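This report refers to the structure that appears directly beneath it.
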Amino acid sequence: MTHTSPVVIVGAGTAGISAAVELAQAGIHSIVLDEAPKIGGAVFRGPYREAIELPHLDSKLRKKISNIRQQYHEHQAFIELRLNTRVLGPAGKSSLLVRHKEEVSELSYEELIIATGCHERSVPFDGWQMPGVMLLGGVQLQLKSGLVKPGQKMAVVGTGPLLPLVACQLFKAGVEVLGVYEAGKFSDFAKESRALLNRPVLALEGMGMLSYLKANAIPMHYGQGIVSVSGEGNLKKAHFAKYTDDWYPIEGTGTSLELDCLAVGYGFVSRNQLSQLFQLEHDVCPISGLKPKIDTWQKSSQENIYIAGDSVGILGGEGAMVEGRIAALSIAQTRQKVTSEQANSKADDYFTLLQKVKSFRAGFDRIGRRREGLLSLLKPNTIVCRCENVTRSDIDDVIEQGVKDITSLKMRTRAGMGDCQGKTCNSYCQDRLGHELKNPDVGHIKPRFPLDPIPFSALSDGVQL
Amino acid sequence: MSTKTNKKYDIVIAGGGVIGAACAYFLSKEKDLKIALVDLKKPGNASRASAGGLWAIGESVGLGCGVIFFNRMTMQQADATGEDLPPMRPHVLPDYFFEFALKSNAMYPALWQELKDKHGVDFKFEKTGLKYVMYDEYDKMYADSIVDHIPGLIDQVSWLSAEELAEDEPYINKKSIGALEFKCDHQVNPYRLNEAYLEAARQNGVELFLETEVLSIEKRGNKVIGVETDAGFIACDTLINAAGSWAAQLSKMATGIELPVYPVKGQIILSERLPKILKGCVSTTDCYIAQKDNGEVLIGSTTEEKGFDTTNTLPELKELVNGAVKCIPMLNDLNIKRCWAGLRPGTPDEFPILGEMEGVEGYINACGHFRTGILTSAITGKLINDLYRGLPLDMDITPFKYSRFLKPKEDTSEDSKMIEDALV
Ligand SMILES: Cc1cc2nc3c(=O)[nH]c(=O)nc-3n(C[C@H](O)[C@H](O)[C@H](O)COP(=O)(O)OP(=O)(O)OC[C@H]3O[C@@H](n4cnc5c(N)ncnc54)[C@H](O)[C@@H]3O)c2cc1C
Ligand SMILES: Cc1cc2nc3c(=O)[nH]c(=O)nc-3n(C[C@H](O)[C@H](O)[C@H](O)COP(=O)(O)OP(=O)(O)OC[C@H]3O[C@@H](n4cnc5c(N)ncnc54)[C@H](O)[C@@H]3O)c2cc1C
């Protein structure tokens with residue numbers, strides 16, 4: 001078969017652009033689609049990006065990522081960038097349904113690379129919906145905009161390397177940071193030091209941030225986490241406690257802080273709606289949710305569909321870049337633009353780096369693995385699904401009725417049927433049902449097709465008669 | 001190998017769509033039988049994909065899902081023979097189907113009450129009527145012809161003039177010339193109906209093996225003795241095949257015979273949630289439209305033989321959208337929230353396959369409900385229960401038995417020939 005049509009790439013983040021560049025280097029054209037108005041993905045989201053320091057990235061990588069735009073420009077002849085373009089799902093076999101402004105059309109592909117990134121995991125607790133409670137990404141966005149501070153007095157709670165980073169960023173922006181609460185135990189970090197040293201520079205930068213926090217008298221509390229927040233209308237107080245090994249708050253260890261904003265980050269979920277709509281095979285991943293099955297070349301269960309970056313498991317920028325490049329190499333090889341020797345010798349370096357990144361990440365993943373105690377932070381009347389106003393006790397009821405899979409739970413409670421498509425509540429529903437059934441595989445809330453609403457007028461020939 | 005569960009059941013129901021669930025509910029009402037229901041939701045399972053119309057007359061005279069089905073068949077016919085398109089004539093099903101559909105329809109008000117009162121589940125039964133909206137004189141001829149065919153049901157139909165229609169349904173295209181309404185055709189929320197049957201059955205003691213697939217069927221001689229599942233072996237005296245579009249695979253394993261049941265794909269469009277814009281359900285010759293209990297407007301549906309494919313395709317979606325916008329112009333300014341495709345369990349004569357099969361013991365069919373399984377689930381559950389218990393049946397099910405496919409064809413009416421040509 002002769003391939004003349006461009007490779008189609010969904011996502012102009014680190015993974016997508018890296019794939020396009022690698023393809024270009026092999027002389028292969030690509031079309032890169034992104035709903036955002038700029039390239040760069042999650043790291044560069046929001047205005048004034050260039051000025052942002054990303055202190056937990058090593059300087060080499062920082063350069064590589066900020067190089068993304070430059071790399072794109074260097075290979076522009078081969079890359080057709082279509083921004084403000086949302087992929088809504090598959091249309092029949094080997095086509096995408098795509099929306100640009102008011103226009104909905106089909107785009108056919110021979111090979112597809114899905115590089116759609118991730119979003120933050122929302123963990124509900126008593127009071128989580130109160131204005132002033134924010135996810136880390138939202139906090140970062142406001143900081144990056146440089147216009148408004150998310151709050152005057154803040155704390156950061158959750159797990160993972162982003163916590164100290166955001167705390168440093170907040171402090172630099174002039175926010176009074178009252179404390180950082182990391183659910184993982186200090187001893188766990190010590191135990192994982194070996195894994196973390198797979199990326200020594202990253203580890204050192206992490207240490208650097210910790211000493212920065214110390215120097216500025218920002219306490220870092222290990223093995224502690226959120227219990228609830230309170231206030232009238234707006235956030236006034238946040239209540240923390242020591243966590244058991246299973247992350248249940250230990251009674252009598254509670255502390256409360258008066259603050260006006262709380263940054264919460266309990267990890268990320270892969271954006272896998274597209275891979276689900278394509279009915280690719282998936283594994284259940286306790287860290288990033290549903291994970292499309294891929295081979296070592298990032299190839300999915302479908303011959304001509306590849307997946308790279310956060311959408312196939314959260315590894316950070318370096319991992320995303322390498323995965324994008326590996327997928328591209330594999331396509332170049334199938335298209336006989338590079339020999340298998342060439343591909344293999346190039347890919348060897350990528351595989352080695354990817355392995356190190358994975359070992360590094362696995363350390364954090366072991367520490368930050370969500371535990372069942374988080375499920376105890378809801379009161380019976382705590383809202384789980386805010387689109388459809390489903391409370392914890394609604395969920396209790398259907399579990400009592402013997403619901404065995406997430407779809408039935410959704411059909412009976414309407415949790416996840418609202419406009420956000422379960423982005424917010426799915427994590428809790430999934431974890432809760434899995435916990436009750438002692439089986440993490442409870443199925444998944446299937447994404448809607450199309451991924452966003454589209455106007456009838458985009459498909460109609462106008463009103464007739 | 002799998003572990004043998006030491007439980008033995010009187011009945012195992014394979015398939016937990018609306019048909020399997022209805023059987024489970026009716027069979028468990030007396031709470032005297034040990035029943036297990038085994039279901040794995042396969043992509044495209046019909047009950048969750050359905051529109052939820054209880055269009056007993058509408059579907060029996062070829063409106064609703066039917067209208068598109070017969071439109072397409074007529075076109076294919078004309079294509080194949082090179083003839084001009086014949087004027088559209090309604091496709092009216094035989095009396096025994098009317099009886100089946102109407103009897104089932106009549107059960108819903110009481111069933112709704114019963115499931116709410118006794119089991120605390122609500123499948124959102126709504127009295128809506130079904131209006132066939134007419135745009136021109138051909139549509140009117142079509143409607144006249146329908147009425148001619150159903151003299152016995154005259155008290156269930158009413159004609160609406162253009163003005164009456166405009167008053168009743170102000171959002172329907174003002175250029176429509178009127179409507180023919182079927183007063184007894186209503187709607188439910190289909191997935192809630194499915195879940196309601198299941199939950200009520202569970203409360204009555206039925207054991208639900210959800211997310212569980214029937215992998216093979218064990219027999220001793222010509223008798224079914226159990227099913228192998230991914231949750232282990234489940235022994236039983238009787239197996240009910242309610243596997244929807246997958247029924248042929250199951251019957252093959254149980255009886256050696258592949259039932260003539262195959263998937264017929266239907267695509268559906270759902271709008272964003274809207275304030276009440278439709279009082280009743282609507283069918284035109286392009287599509288049907290129903291506003292569901294939560295305000296979303298549902299538009300269906302295509303009729304496609306594409307195997308087990310469940311993708312949505314732009315040309316077909318556009319057809320539906322154009323049909324809907326023509327009928328309710330304001331939709332053009334609103335949003336589509338979701339599209340999907342489901343697989344109707346079709347049969348060559350479009351009637352279900354119910355009851356035992358000669359030469360096999362401990363096996364009952366409850367499948368092939370094509371485009372009316374939501375509507376006819378109630379009567380199906382009741383008939384299967386009565387059949388199992390040897391009670392007198394509410395109606396003769398001979399026309400729905402598998403053996404009808406074995407008999408030499410006597411029925412040579414034009415319609416059935418047309419179906420054969422189109423489907424075989
Ligand atoms: C909130 C947040 C903050 C982060 N902060 C940092 C940080 O400070 N430092 C760090 O190193 N890493 C950070 N990360 C992780 C880092 O972004 C990733 O590991 C890496 O950059 C991911 O690259 P990617 O290409 O896989 O995804 P992304 O860079 O996220 O790119 C995915 C792109 O796909 C597009 N897309 C998705 N779906 C569609 C669709 N249907 N149609 C069209 N376009 C679509 C998105 O718009 C996006 O641009 C953060 C991640 C998140 C979510
Ligand atoms: C688009 C569309 C619109 C429709 N609109 C209407 C309408 O308005 N009114 C109406 O009355 N009808 C309508 N129908 C038809 C109706 O939905 C079907 O007739 C009905 O749902 C059939 O129910 P079922 O239980 O036989 O099949 P299904 O709902 O498909 O259930 C069969 C179940 O068995 C499972 N299964 C199969 N094999 C196995 C196995 N080996 N092990 C375990 N489980 C198995 C399947 O996965 C499935 O869950 C519509 C159908 C479609 C597709």
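Every chain is numbered from 1 and lettered A, B, ... according to where its sequence line falls, protein lines coming before strand lines. Since the structure is predicted, the reported quantities are computational estimates derived from the model, not experimental observations.
- Contact of B:I299 with chain A is made through the side chain alone, with heavy-atom distances under 4.5 Å.
- Proximity to chain B (any heavy atom under 4.5 Å) is shown, for A:T407, by both the backbone and the side chain.
- Between B:E272 and A:R448, no side-chain nitrogen of the basic residue sits less than 4.0 Å from a carboxylate oxygen of the acidic one, so the salt-bridge criterion is not met.
- In terms of non-hydrogen atom pairs under 4.5 Å with chain B, the most contact-rich of A:S105, A:P450, A:G402, A:A91 is A:P450.
- Taking 4.5 Å as the limit, every side-chain heavy atom of A:F449 sits out of range of all side-chain heavy atoms of B:T311.
- With a 4.5 Å cut-off on non-hydrogen atoms, B:I269 touches chain A through its side chain but not through its backbone.
- Interatomic distance, OG of A:S408 versus CD of B:E211, reported as 7.0 Å (0.5 Å rounding).
- Put simply, the side chain of B:V297 does not reach to within 4.5 Å of the side chain of A:F456, judged on heavy atoms.
- Looking at A:Q421, neither its backbone nor its side chain comes within 4.5 Å of chain B, counting heavy atoms on both sides.
- Other residues, nucleotides and ligands place no more than 12 heavy atoms under 6.0 Å from the NZ atom of A:K379.
- B:N294 places none of its side-chain heavy atoms less than 4.5 Å from the side chain of A:M417.
- Heavy-atom neighbours of B:Y171 OH from other residues, nucleotides or ligands within 6.0 Å: at or below the threshold of 12.
- Across A:R412 and B:E199, no two heavy atoms sit closer than the pair NH1-OE1, 3.2 Å.
- Within a 6.0 Å sphere centred on NZ of A:K291, heavy atoms belonging to other residues, nucleotides or ligands number 12 at most.
- The environment of NZ in A:K299 is crowded: more than 12 heavy-atom neighbours from other residues, nucleotides or ligands sit within 6.0 Å.
- The side-chain heavy atoms of A:Q279 and B:T310, taken from C-beta on, include a pair separated by under 4.5 Å.
- Not a single donor-acceptor pair under 3.5 Å links the side chain of A:D405 to the backbone N or O of B:L210.
- Summarising the geometry of A:S460 relative to B:V325, their closest heavy-atom pair is CB-CG2, 4.1 Å, with the distance given to 0.1 Å.
- Within the 4.5 angstrom heavy-atom criterion, only side-chain atoms of B:E296, from C-beta onward, approach chain A.
- Here the CG-CG distance, from A:L97 to B:L317, works out to 8.0 Å after rounding to the nearest 0.5 Å.
- Both the backbone and the side chain of A:I454 have a heavy atom closer than 4.5 Å to some heavy atom of chain B.
- Interatomic distance, B:L198 CG to A:Q401 CD, rounded to the nearest 0.5 Å: 11.0 Å.
- Heavy atoms closer than 4.5 Å to chain A are found in both the backbone and the side chain of B:R338.
- For a residue to count as touching a neighbouring chain, one of its non-hydrogen atoms must lie under 4.5 Å from one of that chain's; by this rule B:D309 touches chain A with the side chain only.
- Of the listed residues (A:P90, A:S95, A:P455), the one with the most heavy-atom contacts under 4.5 Å to chain B is A:P455.
- Of the candidates A:V104, A:L459, A:D461, A:L459 is the only one forming a side-chain contact (heavy atoms from CB on, under 4.5 Å) with B:K318.
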